[in-house]
Amino acid sequence: MKKDKAFAKVDRFFAEIERSGLALTYGDVRLKTGYSDSDPKDASITSFFSRNVPLNCPLVSAAMDTVTEASMAIAMAMFGGLGIIHKALTAEQQAAQVRQVKRYLNCMVETPICVKEDETMGDILDRSLKSGFDFHSFPVLSNSGKIVGLLTRNNFEFCTDPKTTASRAMTPFKDLVTAPSGTSAKEAYAILSGQHKKVLPLINETRELTGMFVYSDLKRLMFGLSSQYNVDTDSHLRVGAAIDVGPEELVRAEMLLEAGCDVLVIDKAHGDMRPVKEMLTSLKGLKQKYPGRDVVAGNVSEPESALRLAKWGADGIKVGQGPGSICTTRDIAGVGCPQVTAVYNCAKAVRGMGIPLCADGGVTKSGDIPVALAIGASSVMMGFVLAGTDKAPGKFKETNRGRVKVYRGMGSLEAMKESYAARARYRQGDTPKDKLVAEGVVSTVPYRGSVTKVLETQVGGLRAGLGYVGANSIPELQKKADLHWLSAAGQTESHPHDVDVTDKTQ
Ligand code: IMP
């Protein structure tokens, strides 16, 4: 056996396991340690979610209505990962969420959202809410298209009558700080910090608006951890969005791509079926219209299914049928494969085809992440780990067990009753609401505060894993990795045991 061949050792491990007919999951295995000659904090953790969507860290947030909307997607991309906006929204709402992510970091806003001088403040606020804008700076244009002023948060805050027109509430052009088209980000930053202004409209000789800089974005770009951000070639945060199958979903897909979505994820509980094949075929035209955008498909758990998705044209494959913390598919339908075996088999089936594989569901501990990557995943998707954080949709509740947040399966009765998209994920789109069969539960998870802190802990664990194996990158991990299969006693020994844990922060 060649020493440096990727997966050589894990192939041997799984060949043995397969002989016994066993299927394994995260708690069943741990990585063998090996000689290390570098510091894990220097290891590279870059990877890919799909053919054209790279990751600076291999973590992806689940397309669930209690996990990923714009705020989570922004946090994930700023951490180097990716968020997949859930689809239990109208196409317009989902596209607005995508736009919110794409605009978040705008170094220069190329096409600022403008308002007309005779629009009322009430109408502007309404439009802003409906479109999901999380900013309050709007250049005000005359009917001939020239900039006549600027509305900022202050103007909205001090406006008591919603019928006031923009032209009455705005800061007029004569009092604005502006700069000519072509001003660089660095120059804009100098102007805004010197003048203590938050917004810098760029104008041409005929006083038409050609762009706009926002101080907070510039500051983030100048001093933030921008090399970590997962950004596209225009320096906009990357984002994905879930879709279903069928003609109406093609319309949704185009709206999402138009909004700037980097990757569409065909999100089905069972991805190995004809409508997914047809959807992948139908999306080919849109992929030509929007080059560089990807389509990931899932979920599957068997190698033949992964291979079919690859042949049908998926740019990435999502693996996981039954491992989710809120999932009851295996109980209800009697199907599914424990996640480690599923990920390994699916990854092996498409090895060498250049199609990244995402291990979706079942991650409860940071130590599960290096395991998933070692056996062939390029990224892991998480719901449970992220649902209790500040950026997951919904507020925390105070209970007698402390602060909690709601985390629910998209196949829970509650989610399916509320959303066609949730029912469609489980092929119950047209099922009457009193006849739905749940494949998930509604739960609460402890409130965990800052999502960035949680992600830091997960990445800390991944780096520690790389260090113990002696790998400097994910590809090196895949070359060096070997696994131990744990006995029941070995599993018990892997967690704190025989003690009363007093520090329950882990
Ligand atoms: P977790 O990280 O273990 O909580 O798993 C999250 C994953 O579970 C999601 O990304 C989905 O693939 C999957 N999932 C979401 N809702 C349901 C459900 O109701 N039933 C089964 N699986 C679900």
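In what follows, every heavy atom counts, from backbone to side chain, and hydrogens, waters and symmetry copies are set aside. Read the numbers this way: they start at 1 and go in the same order the structure lists the ligands and their atoms.
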Using a strict 4.0 Å cut-off to heavy atoms of [X], name the atoms of ligand 1 that fall inside it.
X	result
Tyr407	1 (P), 4 (O), 5 (O), 6 (C)
Phe384	1 (P), 2 (O), 4 (O)
Ile326	8 (O), 14 (N), 15 (C), 16 (N), 17 (C), 23 (C)
Gly411	18 (C), 19 (O)
Met382	2 (O)

Is it the side chain, the backbone, both or neither of [X] that has a heavy atom closer than 4.0 Å to ligand 1?
X	value
Arg408	neither
Ser412	backbone
Asn299	side chain

What's the shortest distance from [atom] to any protein heavy atom, and which residue and atom give it?
atom	value
atom 21 (C) of ligand 1	Cys327 SG, 3.0 Å
atom 18 (C) of ligand 1	Tyr426 OH, 2.9 Å
atom 2 (O) of ligand 1	Gly383 N, 2.8 Å
atom 20 (N) of ligand 1	Glu439 O, 2.7 Å
atom 15 (C) of ligand 1	Met64 CE, 3.4 Å

If the threshold is 4.0 Å, N to carboxylate O, is there a salt bridge linking [X] and [Y]?
X	Y	result
Lys318	Asp360	yes
Lys453	Glu456	no
Lys433	Glu418	no
Asp315	Lys287	yes
Lys87	Asp65	no
Arg308	Asp272	yes

*Nearest heavy atoms of Val239 and Ala73, plus distance in Å*: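 Shortest heavy-atom contact: CG2-CB, 4.0 Å.
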Based purely on interatomic distance, does [X] place a nitrogen or oxygen under 3.5 Å from a nitrogen or oxygen of ligand 1?
X	answer
Ala63	no
Thr328	no
Asp360	yes

Kindly check if the number of other-residue, nucleotide or ligand heavy atoms within 6.0 Å of [atom1] ([X]) is above 12?
X	atom1	answer
Lys277	NZ	no
Gln491	CD	yes
Arg351	CZ	yes
Glu278	CD	yes

*With a 4.0 Å cut-off on heavy atoms, does Gly362 reach ligand 1?*
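Yes.
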*Candidate with minimal heavy-atom separation from atom 11 (C) of ligand 1, of Met381, Arg425, Met410*: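 Shortest heavy-atom distance from atom 11 (C) of ligand 1: Arg425.
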